[in-house]
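Let me begin by presenting the structure, written as structure tokens, before commenting on it.
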Amino acid sequence: MASSKHFTAILAFLLASSLIAASSANFYQNFDITWGNGRGQISNNGDLLTLSLDKSSGSGFQSNNQYLFGNIDMELKLVPGNSAGTVTAYYLSSQGSTWDEIDFEFLGNLSGDPYILHTNIFTQGKGNREQQFYLWFDPTTDFHTYSILWNPQHIIFSVDGIPIREFKNSESMGIPFPKNQAMRIYSSLWNADDWATRGGIIKTDWTQAPFFASYRNFNAKACVWSSGVSSCASNSTSSDNAWLTQELDSTSQDKLKWVQNNYMIYNYCTDLKRFPQGLPQECSIA
Ligand SMILES: *[C@@H]1O[C@H](CO)[C@@H](O)[C@H](O)[C@H]1NC(C)=O
């Protein structure tokens with residue numbers, strides 16, 4: 001149908017224009033620390049990036065490249081101990097008033113209490129698609145891999161290779177899907193004790209500052225957008241571009257269900273109170 005024809009056309013374009021790989025690692029090459037006045041730092045020859053937050057400021061970085069589709073992995077280790085009030089945001093976003101955005105946000109908590117992993121998807125400047133999860137591990141003791149697969153038909157959020165959320169292209173139902181605006185990767189560590197702790201009940205404990213979040217092993221198979229041209233990774237084998245058409249197989253669907261049944265604590269798609277006029281249309285497809 002129309003959408004699959006369109007999809008084939010996009011894909012042909014992407015493959016035909018392929019070559020440059022977005023490659024792995026090195027924070028010096030791939031990212032720029034954009035704010036925080038020295039609170040964000042790259043070390044270990046470019047293998048480690050650290051953001052920090054204290055009472056006067058947080059910090060943040062962004063990717064040098066813009067991407068139009070990608071399969072992007074990053075390992076994060078989050079603020080340990082009493083991290084209540086801190087938020088570590090890690091997301092893809094385009095620019096302008098009708099921007100697209102794919103969000104991971106990690107809401108800190110009191111020592112021993114669970115982080116919330118908050119996710120959202122904006123299309124054409126409209127979000128309101130929150131899903132929140134607890135994690136099945138302590139995200140502050142080790143690095144864990146947080147991934148965004150974004151191709152013309154699917155957005156899949158994964159944690160350590162386990163899918164936690166899928167957003168399908170439902171343009172056939174009139175729901176915009178991010179596929180025309182290139183996005184950068186952004187991350188920031190900031191203070192959000194006015195809302196992140198159940199509406200601001202708990203305040204950030206500044207005696208614990210500075211707070212740190214760390215990043216390593218950035219790895220992107222992606223289409224880099226430059227001067228209106230998209231170039232997709234394809235090093236040696238055509239299987240390098242398999243992510244462009246990837247979807248969840250049945251094993252992955254089972255894992256997604258496991259997460260949603262056991263760790264999902266909020267889903268906009270079941271929030272009838274919030275949407276008394278009816279749930280958003282995309283909620284009707286699984
Ligand atoms: C913090 O821990 C409490 C108690 O377990 C929990 O209800 C809450 O969802 C956790 N997360 C945040 C961000 O408050």
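Start at 1 and go down the list; that is how both ligands and their atoms are numbered. Only a predicted model underlies this, so the values are computations on that prediction, with no experimental measurement involved.
Here the rule is ring pair (Phe, Tyr, Trp, His ring centres under 6.0 Å) with Tyr186, and of Tyr90, Tyr91, Tyr67, Phe104 only Tyr91 fits it.
Residues Phe31 and Tyr215 place their aromatic rings such that the two centres sit no closer than 6.0 Å.
At the shortest separation from atom 14 (O) of ligand 1 among protein heavy atoms lies Arg198 NE, 3.1 Å.
Following chains of ILVMFWY side-chain contacts shorter than 4.5 Å, one can reach Ile155 starting from Val259, so the two form part of one hydrophobic cluster.
With a heavy-atom cut-off of 4.0 Å, Tyr134 touches ligand 1 through its side chain alone. Within the 4.0 Å heavy-atom criterion, neither part of Ala84 lies near ligand 1.
The aromatic rings of Phe137 and Tyr146 lie tilted to each other, with the angle between the two planes from 30° to 60°.
Each of the following atoms of ligand 1 lies closer than 4.0 Å to a heavy atom of Gly108: 13 (C). In the vicinity of Pro114, heavy-atom distances shorter than 4.0 Å reach the ligand 1 atoms 1 (C), 2 (O), 5 (O), 10 (C), 11 (N).
Residues that satisfy the salt bridge (Lys or Arg N to Asp or Glu O under 4.0 Å) test with Glu101, not counting sequence neighbours, are absent from this structure.
Around atom 3 (C) of ligand 1, the closest heavy atom drawn from Ile116, Leu107, Ile201, Asn109 belongs to Asn109.
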